[in-house]
Amino acid sequence: MFTIFNSESLWIGTDLKKFNTIRDALDQAGIKYQYKVKDRMGEWSGRGTLRGSVGNLSEQAKQYEILVEKKTLEQARAAIQQ
């Protein structure tokens with residue numbers, strides 16, 4: 001069973017293309033994974049949301065995280081290196 005207690009973060013980033021490439025590699029290797037998408041545009045940054053910040057690129061508005069089971073972490077790292 002895949003839970004927060006037996007999972008480990010494999011990758012965190014804002015690049016959607018790399019996110020999909022890693023997911024494809026894990027699928028091909030038969031490695032189970034979960035992912036989280038965090039929308040950073042609605043976050044509070046003291047004086048308001050990041051949405052109003054100057055220079056905040058839309059490509060970096062979402063943060064992606066891929067999690068795998070701890071027992072498959074090394075196998076997953078090897079799969080995404082290829």
Side-chain angles (χ1 to χ4, degrees):
M1 179 181 222
F2 206 109
T3 68
I4 190 77
F5 301 111
N6 71 349
S7 65
E8 190 75 32
S9 181
L10 176 66
W11 179 81
I12 299 174
T14 57
D15 186 345
L16 179 60
K17 188 174 182 179
K18 186 166 184 170
F19 171 71
N20 287 324
T21 301
I22 292 171
R23 290 179 54 212
D24 290 343
L26 294 173
D27 283 336
Q28 287 181 345
I31 299 170
K32 293 181 184 178
Y33 65 91
Q34 290 184 341
Y35 63 89
K36 296 179 184 178
V37 180
K38 183 177 182 183
D39 187 356
R40 298 171 52 197
M41 291 299 280
E43 287 183 2
W44 286 91
S45 63
R47 293 187 168 182
T49 63
L50 291 176
R51 187 174 307 156
S53 299
V54 176
N56 191 6
L57 302 174
S58 62
E59 300 93 40
Q60 296 181 353
K62 294 190 191 286
Q63 182 180 51
Y64 306 97
E65 180 177 13
I66 299 175
L67 301 129
V68 296
E69 291 180 292
K70 288 180 183 179
K71 65 183 180 182
T72 62
L73 181 61
E74 292 306 316
Q75 182 185 2
R77 285 182 178 158
I80 66 173
Q81 293 299 320
Q82 298 174 357

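All values below come from the heavy atoms of this structure, side chains included, with hydrogens, waters and symmetry mates left out. Given the structure is predicted, the values throughout are model-derived calculations rather than measurements.
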Non-hydrogen atoms of [X] and [Y] that approach each other most closely:
X   : Y   : answer
T72 : V68 : OG1-CB, 3.9 Å
A29 : A79 : CB-CB, 3.9 Å
A76 : I31 : CA-CD1, 3.5 Å

Euclidean distance, [Y] [atom2] relative to [X] [atom1], rounded to 0.5 Å:
X   : Y   : atom1 : atom2 : result
L26 : Q75 : CG    : CD    : 9.5 Å
I4  : L67 : CD1   : CG    : 6.0 Å
S7  : I66 : OG    : CD1   : 13.0 Å

*R23: partners by salt bridge (charged side-chain N to carboxylate O under 4.0 Å, His left out), with sequence neighbours left out*: none
Got a sec, which residues hit side chain to side chain donor-acceptor pair (under 3.5 Å) with [X], two or more places apart in sequence or on another chain?
X   : value
S9  : E65
Q28 : none
D24 : none

*Tell me, do L16 and K62 make a side-chain contact under 4.5 Å, heavy atoms counted?*
no
*Name all residues meeting the side-chain contact (heavy atoms from CB on, under 4.5 Å) criterion together with A78; count only those two or more places apart in sequence or in a different chain, and write none if there are none.*
none
*Quick one: side-chain contact (heavy atoms from CB on, under 4.5 Å) partners of K18, sequence neighbours excluded?*
W11, D15, I22
*Who passes ring pair (Phe, Tyr, Trp, His ring centres under 6.0 Å) against F19, sequence neighbours left out?*
Y35, Y64
*asked:* Applying salt bridge (charged side-chain N to carboxylate O under 4.0 Å, His left out) as the test, list every pair that has at least one member in residues 71-82; sequence neighbours left out.
replied: E74-R77
*Does V37 share a hydrophobic cluster with Y33, counting links as ILVMFWY side-chain heavy atoms below 4.5 Å and allowing steps through other members?*
yes
*Could you list who else is in I12's hydrophobic cluster, with ILVMFWY side chains joined at under 4.5 Å, directly or through other members?*
none
